[in-house]
Amino acid sequence: MMRELLLASRPISWVNTAFPFGAAYLLAGAPVDLVFVLGCLFFLVPYNLAMYGINDVFDYESDLRNPRKGGVEGGLVSREVAAVVHPRILWASAAICLPFVLFLLVVGSWVSNAILVLALFAVVAYSVRGLRFKEIPVLDSLTSSTHFSAPAWLGVALAAADGRSEDLADVATSGAVTVLGHGAAEALPTPAGWLVLLAFFLWGCAAHAFGAVQDVLPDRAGGLRSIATAFGARATVRLSTMTFVVAGVVLVAGGLFGPGGVFGGGFAGWPVAVAGLLAVPYVWNTGRFWNVTDDTSAGTNRGWKLFIRLNYVVGFLATLLMIVVVVAVG
């Protein structure tokens, strides 16, 4: 059973939710404390088990027809044991998440609690019968992006709760700025922080749309709808590519010319602008499938596998950028 739970949680994707929370929490000015540790642990494993495990259960019939499933890109059990394993996955998801959720609710503010509830609702609504946001084109990408963006939103909100970023309030109000948060001064992100959160949300939308392209044919065969089945493979790839472009431009332009930007004499501008360049490999990866057709859409799986690897490389570079920022502020 442990093997099934592990596969359902998609270990290869754990970093995609834990890193945004941890990075946002620290860049908003909060210290490495119990909230940081337990928050990262929650978004590392339990959150992913719930998100992907629920999806595996309710997408089982279509997954049986999908050649990608059954490995790192999705757990798949045999029909003989599905009736036993699936309820256990759902119960395990709830049981493992519950203590972390209760802790985060207790230590949080009404803002962070609302974000956490939204994140959990998005996890459930994406897959369960009666909601199935994943089968509503465009809303599917918006919901999927919420899965990955909400941890960052929560990190910023928790950093502001009870003045956890109080020790950096003077830095924030002086203009030397914590990149994402205003410290104890207020619960809202800085202008640079808004840009980062917006760009990351756009990244999530683009990533989901691109990932849906490889499943156009099996989804249609199974009667499932998605942004890719609705728009077609070629239009979806182009939309995804341009969304990655917009995400990068938002950061570069905002970092250079926005409030607190480089040309405005602000410290926060230059790391935001540099971060915008991290969109380039994603633009290249999706853009090379610019003329894909529905019939050749399965070939974009090559790009999806590279996308997964890119996340680790870009995450490493983003971490180096964070270190530079912290050292410069310190």
Side-chain angles (χ1 to χ4, degrees), residues 10 12-13 16 51-52 54-56 58-76 122 125-127 131-149 199-250 278-314:
R10 308 288 203 282
I12 199 169
S13 296
N16 293 341
M51 178 166 61
Y52 292 116
I54 292 172
N55 184 71
D56 284 352
F58 287 94
D59 278 12
Y60 182 65
E61 291 301 324
S62 62
D63 285 351
L64 286 173
R65 295 184 290 272
N66 193 327
R68 293 195 302 114
K69 303 300 181 178
V72 296
E73 296 186 60
L76 187 65
Y126 186 75
S127 299
L131 293 173
R132 295 289 288 178
F133 285 6
K134 71 171 296 174
E135 290 195 58
I136 304 175
V138 180
L139 183 59
D140 57 348
S141 290
L142 296 175
T143 306
S144 178
S145 185
T146 300
H147 294 159
F148 302 99
S149 299
F200 188 54
F201 186 78
L202 292 172
W203 172 90
C205 291
H208 175 272
F210 181 65
V213 173
Q214 61 193 319
D215 292 331
V216 165
L217 296 181
D219 280 352
R220 284 180 178 162
L224 301 179
R225 302 181 68 213
S226 71
I227 189 171
T229 63
F231 293 171
R234 181 174 297 177
T236 305
V237 164
R238 293 180 178 183
L239 176 62
S240 173
T241 302
M242 294 312 299
T243 304
F244 278 128
V245 170
V246 172
V249 169
V250 163
L278 297 178
V280 172
Y282 293 108
V283 173
W284 169 81
N285 185 43
T286 57
R288 62 199 175 111
F289 298 100
W290 190 259
N291 291 317
V292 69
T293 66
D294 290 355
D295 290 338
T296 61
S297 58
T300 61
N301 180 248
R302 293 185 293 111
W304 183 250
K305 289 178 177 178
L306 180 57
F307 169 81
I308 294 173
R309 294 193 291 271
L310 279 176
N311 288 340
Y312 285 90
V313 176
V314 171

Show the nearest heavy-atom pair for residues [X] and [Y], with the distance to one decimal.
X: Ser226; Y: Pro137; value: O-CG, 3.6 Å
X: Arg302; Y: Phe289; value: NH2-CE2, 3.4 Å
X: Val292; Y: Thr296; value: CG2-OG1, 3.4 Å
X: Thr236; Y: Ile227; value: OG1-O, 3.5 Å
X: Thr241; Y: Gly287; value: OG1-N, 3.5 Å
X: Ser127; Y: Ile54; value: CB-CG2, 3.8 Å

Indicate yes or no for a side-chain donor-acceptor contact from [X] to the backbone of [Y] under 3.5 Å, with no hydrogens or angles considered.
X: Ser240; Y: Ala206; result: yes
X: Thr300; Y: Ser297; result: yes
X: Asn301; Y: Gly299; result: no
X: Ser145; Y: Ser141; result: no

(message) Phe58 vs Arg132, test: side chain to side chain contact (heavy atoms under 4.5 Å, CB included). Steps then yes/no.
(response) CA-CA 9 Å; Phe58 287 94; Arg132 295 289 288 178; 3.8 Å; yes

(message) Between Arg220 and Asp215, does any side-chain N to carboxylate O distance fall below 4.0 Å?
(response) no

(request) Run the numbers on Trp284 and Leu310 for side chain to side chain contact (heavy atoms under 4.5 Å, CB included), then give the verdict. (result) CA-CA 11 Å; Trp284 169 81; Leu310 279 176; 5.7 Å; no

Working to the nearest 0.5 angstrom, can you tell me the gap between [X] [atom1] and [Y] [atom2]?
X: Asp295; Y: Leu217; atom1: CG; atom2: CG; result: 6.5 Å
X: Phe231; Y: Arg238; atom1: CZ; atom2: CZ; result: 14.5 Å
X: Arg225; Y: Glu135; atom1: CZ; atom2: CD; result: 8.5 Å
X: Phe148; Y: Cys205; atom1: CZ; atom2: SG; result: 11.5 Å
X: Trp203; Y: Leu278; atom1: CH2; atom2: CG; result: 12.0 Å
X: Lys134; Y: Leu224; atom1: NZ; atom2: CG; result: 7.0 Å

(message) Please evaluate residues Asn285 and Arg309 with respect to the criterion side-chain hydrogen bond (donor to acceptor under 3.5 Å, both in side chains), reporting the C-alpha separation (whole Å), side-chain torsions for both, the decisive distance (0.1 Å), and the verdict.
(response) CA-CA 11 Å; Asn285 185 43; Arg309 294 193 291 271; over 6 Å; no

(message) If you define the side chain from C-beta out and look only at heavy atoms, does anything of Leu131 sit under 4.5 Å from Tyr126?
(response) no

(request) May I ask you to check whether Phe307 and Phe210 place their ring centers less than 6.0 Å from one another? (result) no

(request) Determine whether the aromatic ring centres of Phe244 and Tyr282 lie less than 6.0 Å apart. (result) yes

(request) Determine, stepwise, if the pair Phe201 / Thr146 fulfils side chain to side chain contact (heavy atoms under 4.5 Å, CB included). (result) CA-CA 7 Å; Phe201 186 78; Thr146 300; 3.7 Å; yes

(request) Walk me through it: do Arg10 and Asp56 pass the test salt bridge (Lys or Arg N to Asp or Glu O under 4.0 Å)? (result) CA-CA 11 Å; Arg10 308 288 203 282; Asp56 284 352; 2.9 Å; yes

(message) Would you say that more than 12 heavy atoms from the other residues, nucleotides or ligands in this model lie under 6.0 Å from the CZ of Arg288, or not?
(response) yes

